[in-house]
Amino acid sequence: MAGTMRGVYTNLTEIRRNVFREVASICYRAGKDRNMTRADIDDAFDELPYKILPGDVATYRESVFLERAIIGERIRLAMGLSLQGVDRPQRISDGFNEAEVDNLSYYEPPLVNVIKFACNACQDNVYEVTNTCQGCLAHPCREICPKKAITFVNHKAYIDQDLCIKCGQCFKVCPYGAIHHHVRPCAAACGMNAISSDEHGRADINYEKCVSCGQCLVNCPFGAIADKSQIAQVIWSIQHGEEVIAAVAPSFVGQFGGKGNVGKLREAFKLLGFSGVEEVALGADLCTVQEAEDFLEEVPAKLPFMGTSCCPAWSVMAKKEFPDHAGAVSMALTPMTLTARMIRMQRPHAKIVFVGPCSAKKLEAMRRSVRSEVDFVLTFEEMAGMMEARDIDYLSLEDDDKSDFDVASTDGRNFAVAGGVATAVANAIKRTHPDREVKVVNAEGLDNCRTMMKDAIKGKYPGHLLEGMACPGGCVAGAGTLVAIRKSAAAVKRYAKRSPHMNSTENIYCDLIPTLEKGFTKQDQDNEVTETFEAQIPKSPRQ
């Protein structure tokens with residue numbers, strides 16, 4: 001069921017976009033209006049729920065006061081702050097000075113949050129009889145139930161929940177499909193089994209399991225789950241006169257409209273105040289070459305198989321749940337990190353902002369081995385909010401339709417689509433070792449990635465390259481994307497074909513890989529899991 005709402009513009013979509021837009025608007029206004037005091041800024045944030053939801057009639061829920069309270073929490077998360085709750089009087093702006101760009105605490109854990117009073121307390125793992133039950137003569141549901149939990153009342157089946165053991169046999173045997181299996185949408189989408197119910201039946205995240213893939217937040221139809229943003233920090237960094245460079249993920253194509261119009265993209269980032277924009281597919285090429293070299297050296301001589309490294313949620317899951325085979329995941333630096341390091345070589349004092357589809361990248365950037373290279377992480381949806389705040393109509397921007405990044409290969413740009421990473425690595429190996437057969441297997445979604453890893457450990461994939469992607473469909477299905485998955489995947493593939501280079505080995509910067517790898521050790525890779533979960537564990541509530 002994961003991804004069923006993707007690409008559909010819903011009321012929830014509108015609320016998210018409005019919050020990002022309005023938070024960005026205040027930050028831009030504060031930088032432009034030198035007469036705007038800290039008190040004025042705080043007042044502006046406190047008034048936002050009333051601007052976003054005016055009037056005294058509820059629009060989406062039973063109470064306009066509840067709606068505004070939820071909007072208030074979303075505003076805080078968009079400001080990079082922690083949730084407050086409604087158990088005591090507080091201002092939305094409380095603690096906002098801690099979100100300033102000079103503060104090294106990029107996030108106050110956790111990154112992904114449940115707004116408890118927005119949660120609908122959905123039933124989880126419950127079998128119920130629907131009104132399509134025909135009260136048939138066979139009564140197979142009753143006969144197959146091992147606990148005699150099913151009886152018939154007024155010729156309709158009835159399940160006693162106190163007796164039901166959730167085996168699902170009745171669900172499978174009903175000829176009319178009249179028995180429904182209720183599963184909490186966020187829990188169903190979570191491939192880490194990190195979501196359970198609290199004492200009130202509301203969603204609860206186990207942060208010792210969560211890898212911040214973000215699938216829960218895009219599959220909750222009540223908008224009760226959201227992650228923190230760095231919109232304010234990025235805008236204020238620009239307004240403080242910093243040189244701020246955007247590194248845009250390969251899945252950018254079509255996210256803001258158009259068909260991979262690099263000219264429009266450059267113009268949009270220029271209008272937002274960025275000093276430049278680079279293509280992360282460049283780093284994807286370097287990652288490909290690095291993984292190809294690792295594979296040739298280690299498989300099967302040292303390792304029975306090798307997993308790709310670019311998806312942080314998959315990489316952390318594999319290492320955490322299969323520690324004895326953690327070394328089978330490539331040590332190659334991710335495209336985000338390699339691109340950032342390249343930018344840093346040329347512009348050592350710049351602030352680097354990764355702009356992409358992924359919430360897990362926010363945790364990756366928190367790691368000590370990466371943090372010095374990537375200063376901020378924004379999703380496409382957050383970036384769209386910044387554009388709206390500046391009244392930028394992306395499609396109307398000037399574009400000669402000739403401008404391109406002209407560096408990354410077709411294979412590097414296809415990293416955004418499921419199967420693209422493994423294909424790129426296999427192609428790179430064939431380019432240098434044409435007689436070497438490379439068998440690949442890929443999995444989308446953490447449940448499927450887990451199964452792939454188990455099968456590989458059992459010996460099902462000897463000598464294979466394993467590609468894991470936490471999001472079904474690949475990066476184009478990330479939690480921060482704006483476009484339907486299939487549409488985005490098609491756009492990426494069309495754009496990738498425009499590259500003058502087919503293979504990652506043709507990238508002119510491949511010779512820099514040894515230099516870019518400096519400072520990254522085996523210990524840094526071993527610490528990846530620990531650092532990821534440390535960045536999610538909530539701190540004590542602010543006193």
Side-chain angles (χ1 to χ4, degrees), residues 3-10 13-14 16-17 20-21 214 218 246-272 274 277-284 310-311 335-336 339 353-359 361 377-388 392-421 423-424 444 469 471-499:
T4 54
M5 296 193 298
R6 309 309 298 281
V8 180
Y9 194 91
T10 65
T13 308
E14 183 175 10
R16 287 200 307 264
R17 308 277 171 86
F20 292 142
R21 181 192 67 236
V218 294
V248 184
S251 49
F252 82 88
V253 187
Q255 292 295 326
F256 308 111
K259 300 179 180 179
N261 308 84
V262 177
K264 291 182 183 293
L265 191 73
R266 291 186 189 280
E267 183 65 18
F269 277 91
K270 180 180 178 181
L271 293 173
L272 289 171
F274 286 84
V277 56
E278 300 293 342
E279 182 180 25
V280 173
L282 164 64
C310 65
C311 173
M336 175 182 82
T339 304
V353 184
F354 175 79
V355 181
C358 182
S359 57
K361 286 294 184 184
V377 175
L378 291 176
T379 66
F380 294 132
E381 188 170 40
E382 292 163 349
M383 185 58 60
M386 292 175 62
M387 291 184 187
E388 289 184 21
I392 296 173
D393 182 356
Y394 186 85
L395 292 178
S396 69
L397 296 176
E398 291 186 8
D399 180 20
D400 56 14
D401 203 30
K402 297 179 181 179
S403 177
D404 206 340
F405 288 112
D406 286 332
V407 176
S409 71
T410 295
D411 283 347
R413 289 175 176 177
N414 275 325
F415 258 52
V417 181
V421 180
T423 298
E444 310 164 31
M469 287 286 187
C471 299
C475 299
V476 292
T481 54
L482 302 164
V483 182
I485 298 169
R486 289 184 180 179
K487 181 179 179 181
S488 180
V492 167
K493 291 177 180 178
R494 286 195 300 268
Y495 172 71
K497 291 180 180 179
R498 285 170 30 187
S499 174

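Not measured: the values here are computed from a predicted model.
Using a 4.5 Å heavy-atom threshold, the side chains of Phe405 and Leu282 count as separate. Within the 4.5 Å cutoff, side-chain heavy atoms of Val280 are placed close to those of Pro250. Met386 places none of its side-chain heavy atoms less than 4.5 Å from the side chain of Ile392. Residues Asn261 and Leu397 have side chains not in contact (no heavy-atom distance under 4.5 Å, counting atoms from C-beta outward). Within the 4.5 Å cutoff, the side chain of Phe252 has no heavy atoms near those of the Arg413 side chain. Using a 4.5 Å cut-off on side-chain heavy atoms (C-beta onward), Glu381 and Arg16 make contact. At a threshold of 4.5 Å between non-hydrogen side-chain atoms, the residues Arg266 and Val248 do not count as touching.
Summarising the geometry of Phe256 relative to Ala384, their closest heavy-atom pair is CE2-N, 4.1 Å, with the distance given to 0.1 Å. Listed here is the closest heavy atom pair of Ala408 and Ser499: O-OG, 2.6 Å. Scanning all heavy atoms of the two residues, the minimum distance from Val421 to Cys310 falls at CG2-SG, 3.5 Å. The two residues Val417 and Lys493 have their closest heavy-atom pair at CG1-CE, 3.7 Å.
By the side-chain contact (heavy atoms from CB on, under 4.5 Å) test, Val253 is found to be paired with Ala491, Val492, Tyr495, residues two or more places apart in sequence or in another chain being considered. In this view, Phe354 satisfies the ring pair (Phe, Tyr, Trp, His ring centres under 6.0 Å) rule with no residue, not counting sequence neighbours.
Checking Ser488 against Gln255 by side-chain atom types alone, a donor-acceptor pair falls below 3.5 Å.
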